[in-house]
Amino acid sequence: MTEKNHWDWDTAEKMVSDVREWRDRFPVVQEFVVSNDGEKVAAVVEQEKQKVAPCVNGKIWGEAYERVWSLKFLPDHRLACAVLRDYEWTVVVDGTPWEETYDFVWNMTFSADGEGIAVNIKKDNGFGVALNGNTWEHRFVETRDLVMSPNGRSTATRVKTKRIATLDIAGFAEKALTVAVDGKAWDSHFLGIWGMTFSSDSASIAAGVKLDHLDFSVAVDGNIWGTSFPGIWEPVFRPGNRDAVAPVKTGKGWTLAINGRLLWEKRFSQVWGQRCSPDGQHIAAVVAPEFGVWTIAVDGLPWEMTFGDAVLFPAFSPDSGRVAAVVKDKDRYTIAVDGIPWKENFDMIWDPVFSPDSRRVAAKARKNGRHMVVVDGRAGQRTFEEMWEPVFSPDGAKMLMRYIEDGKFYRKVVKVEEI
């Protein structure tokens, strides 16, 4: 919110860059990315064979590389990517590369403020993590699935601690997988690990674990819940404490468990995608009241209306009092808010965005090949070639739209009533 206060909410419309001109200058222009404030648009452009570079607002970086990938704007509007130069990979931020190089880097992750940037790395036949250019001292046989703490100071990844030959089933059964945090592996090992997540205070990490062929549980800082279940999905922490919540399978169906104890009385054919409200007092999840029928349940109570094709992750409003989610029924997408779907549907729709006062819900949508903003179920008057998710102003009265039309990238600020 503080960051958004510094954005330009007064300029009604600005053409940031003529991206069609980029396509005239370069033989290859890859997918565009834009900064949160809409002041920058970037893409990887090919100048000649094996000579590529990021291009920002029409200006290419000073140095070209053999390959560039994972181009992303950080929350503080800097541009980061992985690059290959002289057969070595590293990370470059706004044109400045990390000093250390690697055999390969992947899973670029960053903190909410953009200060922490991390990647999985492979070097000298060992695997680890590099955070802001500083590589873990200890390397592992294998690393996957990188996550970063909310404060951007810690990283964790799933690791294999001993080599197991292909098809060595006995070796696999000895359990070689665990979680490493800042380079230090948990003492406990498992058959499988998934869904690592940090607590809001960055002090603990939880993950779903497979104990044996029939038993699953959650491990928090390497300590396994006292109970196990025949099925489990990835956990989340409640904001403000270290209570871990995960969907679990019981003999009567799926429900939610907290710290190993069953939380919801009602059982469902499936439960997944649980999300906690900002104040930590409520939990919503995607549920299937019966096979092939989906909806959202809040604190264990499902919405009355169900949907036949899909329901995606629920989103809480800032005041924790409302829930919205993308729903799909009869091959058409829309948004449902507090159990009531918008009347208009679309070919595709993206995640709902609440206004700061929780009163309005907006989303980017596509219909008949054109993109638009939809506010409270009402589609905007204008449509665009391409656009990115809308952003409410800090007071909720205006909206920032970032879009491409007639081959040019614009940022436009409009009053919400005039969408």
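The first residue in the sequence is number 1, and the count goes up from there. Reckoned from all heavy atoms, side chains included, excluding hydrogens, waters and symmetry mates. None of these values were measured; they are calculated from a predicted model.
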Please report whether the ring centroid of [Y] lies less than 6.0 Å from that of [X].
X    : Y    : value
F313 : W272 : yes
W89  : Y65  : no
W194 : W233 : no

Can a donor-acceptor pair be found between the side chains of [X] and [Y] at a distance below 3.5 Å?
X    : Y    : answer
T334 : N345 : no
E405 : H371 : no
R322 : S317 : no
H189 : T161 : yes
T143 : N120 : yes
T155 : W136 : yes

[Y] side chain reached by [X] side chain, heavy atoms, under 4.5 Å:
X    : Y    : value
N57  : E39  : no
L74  : V93  : yes
V45  : V28  : no
R158 : L177 : yes
R67  : V83  : no

- line: One should read off an interatomic distance between I117 CD1 and T109 OG1, to the nearest 0.5 angstrom, of 10.5 Å
task: Find the distance between OH (Y403) and OG1 (T383) and round it off to the nearest 0.5 Å.
output: 11.0 Å
message: Using the side-chain contact (heavy atoms from CB on, under 4.5 Å) criterion, which residues pair with T295? Sequence neighbours excluded.
response: V287, P289, P302, W303, T306, F307
- request: Just jot down the side-chain contact (heavy atoms from CB on, under 4.5 Å) partners of R242, sequence neighbours excluded, or say none.
  value: S199, D201, A203, S204, F237
- prompt: Would one find more than 12 heavy atoms of other residues, nucleotides or ligands at under 6.0 Å from atom CD1 of I340?
  reply: no
Geometric class of the W106/F104 ring pair [parallel <30°, tilted 30-60°, perpendicular >60°]: parallel
query: Is a side-chain N or O of R78 found less than 3.5 angstrom from the main chain of D94, in a donor-acceptor match?
result: no
Within 45° of the axis and under 6.0 Å from the centre of the six-membered ring of [Y], does NZ or CZ of [X] qualify?
X    : Y    : result
K364 : W350 : yes
K367 : F346 : yes
R402 : F409 : no

- request: Could you pull out all residues at least two apart from D309 that satisfy side-chain hydrogen bond (donor to acceptor under 3.5 Å, both in side chains)?
  value: none
message: Please give me the minimum heavy-atom distance between V209 and I193, naming the atom from each residue.
response: CG1-CG1, 4.2 Å
